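What follows is a short report on a single structure.
No hydrogens, no waters, no symmetry mates; every other heavy atom, side chains included, goes into these values. This structure is a prediction, so every number in the text was calculated from the model and none was measured. Count residues from 1 along the sequence. Both ligands and their constituent atoms are indexed starting at 1 by order of listing.
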Amino acid sequence: MGDQEQAYVREAFATNWIAPLGPHVEAFERELAAYAGCEGAAALSSGTAAIHLALRLAGVGPGDDVFVSSLTFVASVNPILYQGANPVLIDSDEESWNMSANALKRAFEDAVRNGRLPKAVVVVNLYGQSADMDPILTLCGRYGVPVIEDAAESLGATYKGRKSGTLGDYGIYSFNGNKIITTSGGGMLVSNDTAALERARHWATQAREPAAHYEHTQIGYNYRLSNVLAGVGRGQLEVLDDRVEARRAVFARYERELGGLDGFRFMPEAPYGRSTRWLTTLTVDPAEAGVTAGDLIAALGEANIEARPVWKPMHRQPLLQVYRYYPHEERDSVSDRLFEQGLCLPSGSSMTERDQDRVIECLFARIKGWRYRHESA
Ligand SMILES: *Cc1c(COP(=O)(O)O)cnc(C)c1O
């Protein structure tokens with residue numbers, strides 16, 4: 001937490017605006033929209049809820065197809081299933097690790113051939129970096145399909161000078177505990193369509209009509225953010241840019257120390273924008289490095305340091321086995337390789353250089369250990 005969160009929370013208590021809604025909610029929406037550079041924002045209980053409402057705004061319903069990035073966290077896809085729609089999974093490219101316009105193009109061509117255009121495209125911006133939005137927006141524009149940007153991991157990043165999450169018709173952010181800023185749990189739906197945001201707020205409050213006797217004509221959800229948590233969010237927004245700098249510094253130091261090792265390739269920063277480096281991620285090619293990403297995760301684990309693989313692609317999840325998948329090239333799946341070789345290192349904004357040295361030393365010890373055994377064998 002930064003300095004101001006407690007003051008905002010105290011204010012919520014002092015004025016007895018606890019939940020639901022209240023002045024912090026409205027202020028947080030206004031401040032986040034101003035930060036992102038879009039017309040409006042709706043504060044919600046999670047990023048997942050924001051994706052769900054965006055899909056409903058796009059008119060996604062039972063039996064519809066929705067194109068979505070395969071390399072992501074399951075929360076990008078679950079709301080498609082909530083709506084009874086069919087996810088169609090799209091691979092990543094090498095440059096950004098995000099949605100491949102190449103794969104998206106083939107998916108659209110098949111959709112036209114089958115007379116079944118998708119109702120929406122969900123583009124995920126992974127690990128702090130925007131997807132290459134221009135070719136994606138051109139394709140979606142050509143077919144008249146709305147774009148939802150899952151920017152849960154890219155709040156604070158830019159694409160050609162604009163804030164990630166504001167390039168599509170709808171964008172979503174998450175304030176879950178693991179994200180770059182957090183309200184302990186929460187999310188935001190952003191758009192330039194303020195009437196759509198008003199509909200989303202209505203659905204998020206049980207679609208309650210303005211009548212004293214609780215009148216309902218549509219299905220609703222309990223998806224709004226509390227005034228207390230919005231107070232935390234306002235404080236966090238004030239430190240967001242510092243957090244971005246801290247995460248970038250962590251990434252830069254890992255890259256400086258480890259980037260020269262054989263087979264180590266850090267997630268590239270695409271030239272069109274600035275990544276927040278929310279997590280430091282890299283791939284380890286076992287043929288060159290002599291170790292696998294899994295070996296390194298295990299070695300770090302023994303030193304009580306938590307590291308993780310890259311997201312397991314959705315097309316490899318038992319839950320989603322029945323849905324179609326479009327790899328980058330007919331016979332080249334980029335997300336499969338990223339998953340098999342990927343490694344996420346500890347990257348917290350409050351990490352000290354000493355903390356980071358421990359991670360680096362542990363990695364070196366594991367690699368040297370292998371070299372020693374290999375050479376003596
Ligand atoms: C965290 C995350 C979400 C979901 O956000 P919640 O606030 O946890 O519901 C969605 N998509 C991606 C890519 C995420 O990392």
Side-chain angles (χ1 to χ4, degrees), residues 28-29 32 41-56 66-83 87 89-92 96-99 120-131 133 136 147-157 159 164-165 167-168 170-190 200 204 221-226 229-230 232-233 236-237 240 243 247 267 275-281 308-315 317 319-320 335 338-339 342 344 347-348:
F28 187 33
E29 290 178 343
L32 186 117
L44 300 166
S45 54
S46 70
T48 310
I51 297 169
H52 188 194
L53 295 178
L55 290 166
R56 195 164 154 190
V66 175
F67 293 175
V68 57
S69 308
S70 186
L71 187 66
T72 185
F73 176 52
V74 72
S76 310
V77 180
N78 271 333
I80 298 170
L81 303 178
Y82 302 165
Q83 286 301 94
L89 305 163
I90 311 289
D91 197 12
S92 299
S96 68
W97 294 22
N98 287 317
M99 188 178 276
V121 175
V122 179
V123 182
V124 183
N125 302 307
L126 278 187
Y127 299 124
Q129 170 153 274
S130 174
M133 292 303 293
I136 293 170
V147 174
I148 298 167
E149 262 191 285
D150 178 348
E153 300 182 9
S154 68
L155 175 60
Y159 179 77
S164 180
L167 290 114
Y170 308 105
I172 77 95
Y173 300 116
S174 165
F175 312 114
N176 193 43
N178 60 338
K179 299 306 193 291
I180 196 159
I181 61 169
T182 181
T183 58
S184 73
M188 196 75 84
L189 175 65
V190 297
Y221 320 93
N222 182 4
Y223 274 175
R224 296 236 54 192
L225 189 69
S226 85
L229 298 189
V232 177
Q236 286 276 284
L237 203 50
L240 171 56
R243 298 286 152 86
R247 301 261 172 164
M267 181 179 181
S275 170
T276 68
R277 300 302 198 182
W278 169 59
L279 288 189
T280 294
T281 54
R308 299 261 181 99
V310 161
W311 297 124
K312 182 175 183 177
M314 293 300 116
H315 68 273
Q317 299 289 352
L319 172 69
L320 301 166
S335 59
L338 293 174
F339 172 60
C344 303
S347 319

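Closest non-hydrogen pair, Thr280 versus Ser347, comes out as N-OG, 2.9 Å. Closest of all the heavy-atom pairs between Ala204 and Leu53 is CB-CD1, 4.0 Å. When all heavy atoms are compared, the tightest approach of Thr182 to Gln236 is N-OE1, 2.8 Å.
Note on ligand 1: Gly186 sits in its first shell, one or more heavy atoms being nearer than 4.0 Å. The closest approach between Gly187 and ligand 1 stays at or above 4.0 Å for every heavy atom of the residue.
In terms of protein heavy-atom proximity, atom 1 (C) of ligand 1 is nearest to Lys179 NZ, 1.7 Å. For atom 5 (O) of ligand 1, the closest non-hydrogen atom of the protein is Ser174 OG, 3.2 Å.
Close approach of ligand 1 to Ser76 (heavy-atom distance below 4.0 Å) involves ligand atoms 11 (N), 13 (C). Close approach of ligand 1 to Ser46 is summarised as follows: ligand atoms under 4.0 Å from at least one heavy atom of the residue are 7 (O), 9 (O). Short contacts between ligand 1 and Ala75, defined as distances under 4.0 Å to a heavy atom of the residue, involve ligand atoms 3 (C), 4 (C), 10 (C). Every atom of ligand 1 with a heavy atom of Ala152 under 4.0 Å away is listed here by number and element: 2 (C), 3 (C), 10 (C), 11 (N), 12 (C), 14 (C). Atoms of ligand 1 lying under 4.0 Å from any heavy atom of Gly47, numbered from 1 in the order shown and given with element: 5 (O), 6 (P), 7 (O), 9 (O).
Between the Ser70 side chain and the His315 main chain, a donor and an acceptor come within less than 3.5 Å of each other.
Ring geometry for Tyr82 against His52 counts as perpendicular: the plane angle is over 60°, on a 0 to 90° scale with 30° as the lower cut. Taking the six-membered ring for Trp and thresholds of 30 and 60 degrees, Trp97 and Tyr127 have ring planes more than 60 degrees apart, a perpendicular arrangement.
In terms of N/O distances under 3.5 Å, ligand 1 is not approached by Thr72. Looking at ligand 1, you'll find an N or O of Glu153 within less than 3.5 Å of one of its N or O atoms. Between Ile51 and ligand 1, no N or O atom pair is found at a separation short of 3.5 Å.
Scanning Asn176, Thr182, Asp150 for the heavy atom closest to atom 10 (C) of ligand 1 points to Asp150. Among Val122, Thr183, Thr48, the residue whose heavy atom sits closest to atom 9 (O) of ligand 1 is Thr48.
Within the 4.5 Å cutoff, no side-chain heavy atoms of Phe28 are placed close to those of Leu229.
Of the N and O atoms on the side chains of Ser335 and Asp91, at least one donor lies less than 3.5 Å from an acceptor on the other residue. Between the side chains of Gln129 and Asn98, no donor N or O sits under 3.5 Å from an acceptor N or O.
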